[in-house]
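Below is one structure, written out as structure tokens; comments come after it.
Naming convention: chains lettered A, B, ... in sequence-line order (proteins, then strands); numbering from 1 in each chain.
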Amino acid sequence: MGSTPAGRTISVFETNRSFFMAEKITKRSQDYSQWYVDIIMQAQLADYAPVKGCMIIRPNGYAVWEHIQQALDSMFKETGHVNAYFPLFIPESFMNKEKEHVEGFSPECAVVTHGGGKKLEENLYIRPTSETIIWSMYQKWIQSYRDLPILINQWANVVRWEMRTRLFLRTTEFLWQEGHTAHATYDEAEAEAVLILNLYKTFAEEYMALPVIHGKKTDSEKFAGALHTYCIEAMMQDKKALQAGTSHNLGQNFAKAFDVTFQDEKTQLQHVWATSWGVSTRLVGALIMAHSDDNGLVLPPKLAPTQVVIIPIFKDDEEKAKTVEAAQKIKSILKPLGVRIHIDDRDQYRPGWKFNEWEVKGVPIRMELGPKDLAAGQVICARRDKTEKSDKVTMKTDEVTTKIPALLDEIQKNLFDRAKKFRDDNTFFVSDYPQLKKLMEEDGGFAKCFWAGSKEDEAKIKEETKATIRCIPMDQTGEKGKCVLTGKETDVQVIFSKSY
RNA sequence: CGGGGCGUAGCGCAGCCCGGUAGCGCGCCUGUUUUGGGAGCAGGAUGUCGGAGGUUCAAAUCCUCUCGCCCCGACCA
């Protein structure tokens, strides 16, 4: 499959004691995109599919997605949402019902024209998102205000025929969840959109250890067919922004397109108010780009499929039996505490090899357990977020019940703090356009500034700097200042950045 | 759609300019010594050289056409 871009080196070098492949992963500083791809390949998160733009999510990658799903799914349920499943195929006529929506999505839709060996009477779109088919059903299900709200989520795959794809970040087919809710009033729909926005922010920060800015999209960046769009935006290690989740207040657009009405308490017929919201497998890409290093993947403990791996160290069967037994004992006390722990007792690989493998795969804690440790009643732990040898922690075997969960928490926190510091260190206030331009041309990062410009002004800036308004943050100071471009006085501040 | 790169063993590549019937490293298999940061030694298996035409006594190599993939940009979650 391979291309080896110019900058990429796979150097094999010799030292007096060892001979090893030094780099299978391109350095971030050398080629960030290639580093990203290398991490995915080396950690076996995904592979390229035979069809262009599509990917195979391998077990390691899928396990991360499953943890994301589990956490989000329970958060959705706690806030009153239920899961359902709507079909992959959407009749062409449905797609055409909402004008902005069809204009937004038509160019990137895959369309099925044949089935059962015959040309279909009506083409079927493969869903790029499910608003249309869901609202066609809501039309049947909603009559009275007593039927509202409907708070449905679905976990599904969708297809968008993108021009340029990148593993996890933008693939032709991707997995996501899409929530579609129906409400009696604008205020309720608005409250729902904001509720989910905050839920996404909490999830990103607490589970993914990913600090995000939550805010509102400008009109030019909002979803096709929405009244307005909320989003969470994160900064990757190359200082570019990644939209990690969106939540839309769809107003009555879809209700009108699909004629979804209800009778209110006063027997008045009204159109239903809608929201939709989603996060996708892109989040896996976000995790990679936010935390990983030149040695491989770094996973936050809360989403790591394996949180602790024990490497028993032995040189004969007798030592193997003893160390593995001790490892199993540790596993048996940590597992009930909810620690996801694995013992790597394969004997075809040597310890050093295993150290590297688990490091590449991003396991938060590696526990080394050899004869010397057995004798001392201790284990040695290496944490994935700090890779210096001096960062290894030695703990008594009977302390693992308290120290391991504490260490996992500490790693989780450290990843968040590190990512937040990086973002804050690369966020700058700019007061005029030359400054904005200079920042985008040189260092990159987030530019915070006052904004009172038009859609056209925004397009001009995009043209000239490649940066866009990522969002209008929810957290506004309220102070007044001059618009970065027009100089008009305003109290609105926005974030400009280059983005994925 | 533009720019760049690439298709040769499972993976990474050399060989192509100057045609002579395919090689290196890693991995894999067997044996053995090893095992606290990607082990050593000794054996061994593996290829329709992306595809189709053409030139030639002879094509991975030269010519024509074609297919595909990756990276970078324009569009987007």
Side-chain angles (χ1 to χ4, degrees), chain A residues 1-12 15 17-24 26 31-38 41-42 47-54 104-105 107-108 128-129 158-172 174-178 217 220-224 229 231-233 242-248 276-283 285-286 295-296 311-317 319-320 323 346-360 366 368-374 379-380 382 387 389 392 462-463 466 468 499-500:
Chain A
M1 284 321 267
S3 63
T4 298
R8 189 179 176 195
T9 49
I10 298 173
S11 56
V12 179
T15 66
R17 309 221 72 190
S18 60
F19 180 76
F20 50 86
M21 291 293 285
E23 291 304 333
K24 289 180 174 175
T26 306
D31 183 342
Y32 191 81
S33 295
Q34 191 58 48
W35 165 80
Y36 174 76
V37 172
D38 288 350
M41 293 301 167
Q42 293 300 320
D47 206 344
Y48 291 106
V51 177
K52 184 177 181 166
C54 294
F105 282 108
E108 51 180 280
T129 177
V158 287
V159 167
R160 295 183 189 175
W161 218 263
E162 301 289 350
M163 298 186 205
R164 185 156 131 53
T165 53
R166 296 167 67 93
L167 294 171
F168 287 112
L169 297 179
R170 184 173 299 104
T171 46
T172 301
F174 57 95
L175 305 182
W176 75 345
Q177 58 69 215
E178 46 180 327
K217 285 291 187 193
S220 47
E221 294 278 325
K222 70 171 190 179
F223 176 76
T229 290
C231 63
I232 52 173
E233 295 280 335
L242 182 79
Q243 179 174 304
T246 50
S247 175
H248 318 285
S276 72
W277 29 273
V279 299
S280 72
T281 35
R282 165 178 269 198
L283 290 183
N295 297 325
I311 316 280
I313 294 157
F314 48 83
K315 48 177 174 287
D316 53 41
D317 285 350
E319 277 186 6
K320 179 179 177 181
T323 50
R346 294 173 298 175
D347 42 30
Q348 70 266 40
Y349 296 114
R350 297 158 42 125
W353 196 94
K354 295 178 186 176
F355 292 177
N356 282 287
E357 183 182 31
W358 292 109
E359 190 164 295
V360 169
R366 180 185 73 237
E368 302 171 14
L369 181 53
K372 293 174 208 163
D373 304 307
L374 276 187
V379 293
I380 296 173
T387 49
K389 227 167 184 163
K392 286 193 184 182
K462 183 178 181 181
E463 176 71 31
K466 308 251 191 261
T468 49
S499 69
Y500 278 95

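Rounded to whole Å, the distance from NZ on A/K466 to P on B/rA74 is 5 Å. Between the CZ atom of A/R164 and the C1' atom of B/rG73 there is a distance of 8 Å, given to the nearest Å. With rounding to whole Å, A/H248 atom NE2 is found 14 Å from B/rC76 atom P. Note: CZ (A/R166) to C1' (B/rC69) measures 16 Å, nearest angstrom. The distance between atom CZ of A/R170 and atom C1' of B/rA74, rounded to the nearest whole Å, is 12 Å. When rounded to the nearest whole Å, the span between CG of A/D38 and P of B/rC11 equals 16 Å. Between A/K392 atom NZ and B/rG37 atom P the separation is 7 Å, expressed in whole Å. Between A/W353 atom CH2 and B/rG27 atom C1' the separation is 10 Å, expressed in whole Å.
Heavy atoms of A/L169 sit under 4.0 angstrom from at least one base atom. Heavy atoms of A/I311 sit nowhere under 4.0 angstrom from any nucleic acid atom. In this structure, A/F223 reaches neither bases nor backbone, as no heavy-atom distance under 4.0 Å exists between it and the strands shown. At the heavy-atom level, A/K372 lies under 4.0 Å from base atoms of the strands shown.
In terms of polar N and O atoms assigned as donor or acceptor, the side chain of A/R350 never comes within less than 3.5 Å of the base of B/rG40 in a complementary pairing. A donor-acceptor contact under 3.5 Å links the side chain of A/E359 to the base of B/rG37.
Under the 4.0 Å criterion applied to side-chain N and carboxylate O atoms, A/K217 and A/E233 are assigned as salt-bridge partners.
Of the candidates B/rA77, B/rA74, B/rG37, the closest approach to any side-chain atom of A/F355 belongs to B/rG37. Closest contact between the side chain of A/P351 and the listed nucleotides B/rA77, B/rG36, B/rG37 involves B/rG36.
Atom name C1', nucleotides B/rA59 and B/rU64: the rounded distance is 15 Å, in whole Å.
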